[in-house]
There are 2 protein chains.
Amino acid sequence: MARAGLTPRVVVDVALDLVDERGADALTLAAVAKRAGVATPSLYKHIGGLADLRRMVATRVVEGLAQELNAAVLGLSGRDAVRALLRAYRSHVRSRPHRVRFLETAPTPDDPEASRAYRVAVDVMFAALRTYDLVEGERVRTTRLLRSMVHGFVVLEVAGGFGLPEDVDATFEELLDDAEALLDRRAPSTA
Amino acid sequence: MARAGLTPRVVVDVALDLVDERGADALTLAAVAKRAGVATPSLYKHIGGLADLRRMVATRVVEGLAQELNAAVLGLSGRDAVRALLRAYRSHVRSRPHRVRFLETAPTPDDPEASRAYRVAVDVMFAALRTYDLVEGERVRTTRLLRSMVHGFVVLEVAGGFGLPEDVDATFEELLDDAEALLDRRAPSTA
DNA sequence: TGTGTAAGCTAATAACATTAGCTTCGGCAT
DNA sequence: ATGCCGAAGCTAATGTTATTAGCTTACACA
């Protein structure tokens, strides 16, 4: 019989497809195995188990977000960079709403892969503030506040927490303005 | 044999204890039944199943939050009310971190109980802005932004998304200042 | 005191994760 | 070419959980 040719990476690919198509709760080893064309126990040759697979999926989700954020700010600086970053964060989550579950728990420190991916994502945001003239300690706190705003917004949005969908775009535009004002308050000198 | 005297309310109480003590993933019917002193199938006399129990738990979690928010703003108005509200939101979630999972999905419209609880919670926030002189459409959007900020912050905080814990308090104080500035931009006339 | 209903029970089924141990494909050295 | 051996796959078995069906009995109330 022809082998399926699985690798950890492929297993995670299949898992992500499953999550995107049928939601985070549909991520079971049985479903992944079926879709990959192998028996369930065969997956254990490539992953440590369901918890391990979830961890790897979360890592890939964060990596994907980081990449998209990074691409969004390329060549931009100042206000433009921040606005592009926040827009990219929202649009990425909206395009794959089921993945948001995997953005809701930070990696444990003993997971270097996941920690690295997470750090990269935060660093992109951090770097987008480089052109703002912030005092040292303010950079970290300001990054946290921007993350809180945009993360809270998209989490509530994809959860349907805003009621009627109309006008949510306008609310997000206001969020961008508020983010900018927040930065201006801290670095009024920046162009 | 003496009956256990269960009711839907008691089952949810037990479920909440379980969540608080052992985390949201530990919420299984088997565990609830054991703790309640009955056999697992007996729970079906009071709840519709696991999904139903989760729904009821989520409702109670939102009710609890709404109550605490409401208590926090009693007798306050303007800036004081908003600051107290946001502080209460954070402290409530921090005191029962495992419950946050149940704040991350909005109720479906066909669930009147849950929808009502959710609406009450949002209304408390909405009402806290009453003393601000906002134009009509701005009230809804402003409420959303405050919710996004504080919800995003506490979600990231309890998930451990902020790295080192020190200084998180200071970041939250900045969030309060930013929320105030955000309101001042929209209603500069308010005292 | 009798009776009906709701609260409890046991038994059975199905989905899933996980472990153990077997089989075989296919790359690689001879 | 051929034979070896490790990795990739398999089946079988176990344990946990949710759920349904159908039985029994406590207890409120007539």
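Here is how names work: the chains are called A, B, and so on, in the same order as the sequence lines, proteins then strands, and each is numbered from 1. Just so you know, these numbers come straight off a predicted model, no measurement behind them.
Using a 3.5 Å distance cut-off with no hydrogens or angles, the side chains of A:Thr171 and B:Arg141 do not pair a donor with an acceptor.
With a 6.0 Å radius and a threshold of 12 heavy atoms from other residues, nucleotides or ligands, A:Glu113 has its CD atom at or below the threshold. Annotation for A:Arg96: atom CZ counts as buried by contact number, over 12 foreign heavy atoms lying within 6.0 Å.
Direction of the helix axis in the helix from C:dT1-D:dA30 to C:dT30-D:dA1 shifts by 10° between the two five-pair termini, rounded to 10°.
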Interface polar pairs with nucleotides 11-15 of chain D, N/O, under 3.5 angstrom:
none

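For the pair A:Lys45 NZ and C:dT19 P, the computed distance is 12 Å after rounding to whole Å. Atom-to-atom, OH of B:Tyr44 to P of D:dG22 comes out at 17 Å; the value is rounded to the nearest Å. The distance between atom CG of A:Leu50 and atom P of D:dT16, rounded to the nearest whole Å, is 17 Å. Rounded to an integer number of Å, the gap from CG of A:Leu53 to P of C:dC16 is 15 Å. In this entry the distance linking CG of A:Leu43 with C1' of C:dT19 reads 14 Å, nearest Å. Straight-line distance from the CG atom of A:Asp52 to the C1' atom of C:dA17: 14 Å, rounded to whole Å. Per the geometry, CG belonging to A:Leu6 stands 14 Å off C1' belonging to C:dC25, to the nearest Å.
By the 4.0 Å N-to-carboxylate-O rule, A:Asp80 lies too far from A:Arg83 to be salt-bridged with it. Between B:Glu104 and A:Arg101 there is no salt bridge, since none of the side-chain N atoms of the basic residue sits less than 4.0 Å from a carboxylate O of the acidic one. Classification of A:Glu21 and A:Arg35 as a salt-bridged pair holds, one side-chain N sitting under 4.0 Å from a carboxylate O. Residues B:Arg144 and A:Asp167 are paired through a salt bridge, judged by an N-O separation under 4.0 Å between the basic side chain and the carboxylate.
In this structure, the nucleotide among D:dA18, C:dG8, D:dC10 sitting nearest to the side chain of A:Val38 is D:dC10.
A perpendicular orientation is assigned to the rings of B:His151 and B:Tyr89, their planes being inclined by more than 60° (bins at 30° and 60°).
Of the residues in residues 20-36 of chain B, those placing a heavy atom less than 4.0 Å from an atom of DNA chain D are B:Thr28, B:Leu29, B:Ala30, in numerical order.
When all heavy atoms of B:Ala187 and B:Tyr132 are compared, the pair lying nearest together is CB-CD2, 4.1 Å.
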| query | Step by step, would you call A:Asp178 with B:Arg186 a salt bridge (charged side-chain N to carboxylate O under 4.0 Å, His left out)? | reply | CA-CA 10 Å; A:Asp178 290 318; B:Arg186 287 176 173 71; 2.9 Å; yes

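Distances shorter than 4.0 Å separate none of the side-chain N or O atoms of B:His46 from OP1 or OP2 on C:dA6.
When A:Val62, A:Val19, A:Thr59 are each tested for a side-chain contact (heavy atoms from CB on, under 4.5 Å) with A:Phe102, only one passes: A:Val19.
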